[in-house]
There are 2 protein chains.
Amino acid sequence: MQRDTRQRRAIRTALKEAGHPLSPKELLELARQDVTSLGIATVYRNLRALEEDGWIEAVELPGDPPRYEVAGKGHHHHFHCRKCDRVYEVEGCPGNLSSVTPEGFELESHEFVLYGRCDACAA
Amino acid sequence: MQRDTRQRRAIRTALKEAGHPLSPKELLELARQDVTSLGIATVYRNLRALEEDGWIEAVELPGDPPRYEVAGKGHHHHFHCRKCDRVYEVEGCPGNLSSVTPEGFELESHEFVLYGRCDACAA
DNA sequence: GTCGTTGCAAAGCGTTTGCAGCCTA
DNA sequence: TAGGCTGCAAACGCTTTGCAACGAC
């Protein structure tokens, strides 16, 4: 990742402005508002490059292809709205994980996903 | 799902005997010990049929294709071993989820995955 | 014998890669 | 102007589907 191309700039801007994790396809649509010729392969290549540079982080939710969000937000989890399919960040962590870890198992990390309706869809 | 074929019997047996969630490929390999001619398409078709019948449940972990386990075990979560890649069931639940649910959001359910080393791999 | 089920091969779908041309530095 | 980057199209891996043959009931 050495050059600052129009495509890369559009992708970074879309990720920053969205404020929530984006799928490659969502990202393509958003970034195409700046660079109409943008191809999906370029999106995937830049996602990988940005992730290797630590600029973004993959958000992997069960049963879904990865979404991506700007990195450096500290430990958090996600809320997946069943109605609009959007993913939100949530702060906090239920903790108390060692009590559910089986005997002899070494716990290294955890993931945690909430499902339901976001405030907009619940209304 | 009306007929009790050799293939379906082999698939059910493999799922029951494994005791932990299996991927379609793992299942194919196990069930082929009974029915050598078994094809992957048949595995996928039977997984769907067994799931629709409520006989099995999909176990979706972040970033992984679905695994399948025998249904009816009640609420539980999973531990994914980073070394052997196997998935174990864990009992219990950290609870206390409403405290991390944002204002105005309606919580319907949750998923929860532990990562680390299983007892065999930790030794 | 019927028709649900199977195995194969082809089709889908999301993601990755090869390659020639483009454009940033 | 060099070579990193892009867009296109082909390749890939996993899952689904079409179809003729098979076999459970």
Side-chain angles (χ1 to χ4, degrees), chain A residues 1-16 18 21-69 80 85-87, chain B residues 1-16 18 21-69 80 85-87:
Chain A
M1 241 200 34
Q2 300 167 14
R3 293 186 186 172
D4 184 28
T5 62
R6 288 186 311 136
Q7 290 84 344
R8 184 162 295 156
R9 231 175 294 135
I11 288 169
R12 276 202 276 226
T13 302
L15 283 163
K16 267 190 291 189
L22 296 174
S23 68
K25 213 176 76 183
E26 288 173 321
L27 189 48
L28 177 65
E29 281 160 20
L30 286 171
R32 267 195 171 154
Q33 294 174 9
D34 283 322
V35 184
T36 23
S37 67
L38 183 63
I40 188 70
T42 298
V43 172
Y44 280 107
R45 277 187 285 234
N46 274 285
L47 284 173
R48 197 194 305 181
L50 289 166
E51 191 178 10
E52 281 169 4
D53 271 35
W55 230 84
I56 59 173
E57 278 169 14
V59 176
E60 308 255 29
L61 300 191
D64 277 350
R67 293 169 173 80
Y68 295 86
E69 66 182 5
H80 190 168
D85 205 44
R86 215 180 259 218
V87 173
Chain B
M1 239 200 36
Q2 299 166 15
R3 293 182 187 173
D4 185 27
T5 63
R6 287 186 311 135
Q7 290 83 345
R8 184 162 295 156
R9 230 176 294 134
I11 288 170
R12 276 202 276 227
T13 302
L15 283 164
K16 266 191 290 188
L22 296 174
S23 68
K25 213 176 77 183
E26 288 173 322
L27 189 49
L28 176 66
E29 281 160 21
L30 286 171
R32 267 195 171 154
Q33 294 174 8
D34 283 322
V35 183
T36 23
S37 66
L38 183 63
I40 188 70
T42 298
V43 172
Y44 280 107
R45 278 188 285 235
N46 274 285
L47 284 173
R48 197 193 306 181
L50 289 165
E51 191 178 11
E52 280 169 5
D53 271 36
W55 230 83
I56 59 174
E57 278 169 16
V59 176
E60 309 254 30
L61 300 190
D64 277 351
R67 294 170 172 80
Y68 296 86
E69 67 183 4
H80 190 168
D85 205 43
R86 214 180 262 216
V87 172

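Chain identifiers are assigned alphabetically (A, B, ...) following the order of the sequence lines, protein sequences preceding nucleic acid strands; residue numbering begins at 1 within each chain.
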inquiry  = Any salt bridge linking Arg9(B) with Asp4(B)? Criterion: basic side-chain nitrogen under 4.0 Å from a carboxylate oxygen.
reply    =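 Result for this pair is yes, salt bridge flagged.
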
- Message: Between Arg48(B) and dT17(D), is there a contact of a side-chain N or O with OP1 or OP2 at under 4.0 Å?
- Response: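 For Arg48(B), the contact criterion (side-chain N or O under 4.0 Å from OP1 or OP2 of dT17(D)) is met.
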
Taking atom [atom2] of [N] as reference, at what distance in whole Å does atom [atom1] of [X] sit?
X: Met1(B); N: dC3(C); atom1: CE; atom2: C1'; answer: 17 Å
X: Leu50(A); N: dC5(D); atom1: CG; atom2: C1'; answer: 13 Å
X: Leu47(A); N: dT6(D); atom1: CG; atom2: C1'; answer: 15 Å
X: Arg12(A); N: dC5(D); atom1: CZ; atom2: C1'; answer: 13 Å
X: Glu52(A); N: dC5(D); atom1: CD; atom2: C1'; answer: 15 Å
X: Ile40(A); N: dT17(C); atom1: CD1; atom2: P; answer: 15 Å
X: Gln7(B); N: dA21(D); atom1: CD; atom2: P; answer: 18 Å
X: Asn46(A); N: dT17(C); atom1: CG; atom2: P; answer: 15 Å

Exercise. More than 12 heavy atoms of other residues, nucleotides or ligands under 6.0 Å from CZ of Arg12(A): is that the case?
Worked result: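 Counting neighbours around CZ of Arg12(A), more than 12 heavy atoms of other residues, nucleotides or ligands fall under 6.0 Å, so yes.
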
Polar atom pairs between nucleotides 22-25 of chain C and protein, under 3.5 Å, N or O only, would you list them?
from    : atom 1 : to      : atom 2 : distance (Å)
dT24(C) : O2     : Arg3(A) : NH1    : 3.0
dA25(C) : OP1    : Asp4(A) : N      : 3.0

Between [X] and [Y], is any pair of side-chain heavy atoms under 4.5 Å apart?
X: Leu50(B); Y: Met1(B); result: yes
X: Leu47(B); Y: Leu27(B); result: yes
X: Arg45(A); Y: Gln7(A); result: no
X: His80(B); Y: Asp64(B); result: yes

(request) Consider the side chain of Ser37(A), meaning its heavy atoms from C-beta on, and name the nucleotide among dG7(D), dT6(C), dG7(C) that approaches it most closely. (result)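 Of the candidates, dG7(D) comes closest.
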
Problem set entry | Nearest to side-chain heavy atoms of Ala41(A), which nucleotide of dT17(C), dT5(C), dG7(C) |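 Comparing dT17(C), dT5(C), dG7(C) against the side chain of Ala41(A), the answer is dT17(C).
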
| query | What nucleic acid atoms does Leu38(A) come within less than 4.0 Å of, heavy atoms only: base, sugar-phosphate, or nothing? | reply |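 Sugar-phosphate, backbone atoms only, no base.
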
Check your understanding: Do Arg45(B) and dG7(C) share a donor-acceptor pair, side chain to base, under 3.5 Å?
Key ->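 Check passes, donor-acceptor contact within cut-off.
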
All side-chain contact (heavy atoms from CB on, under 4.5 Å) counterparts of Gln33(B), not counting sequence neighbours |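 By the side-chain contact (heavy atoms from CB on, under 4.5 Å) rule, Gln33(B) matches Leu30(B).
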
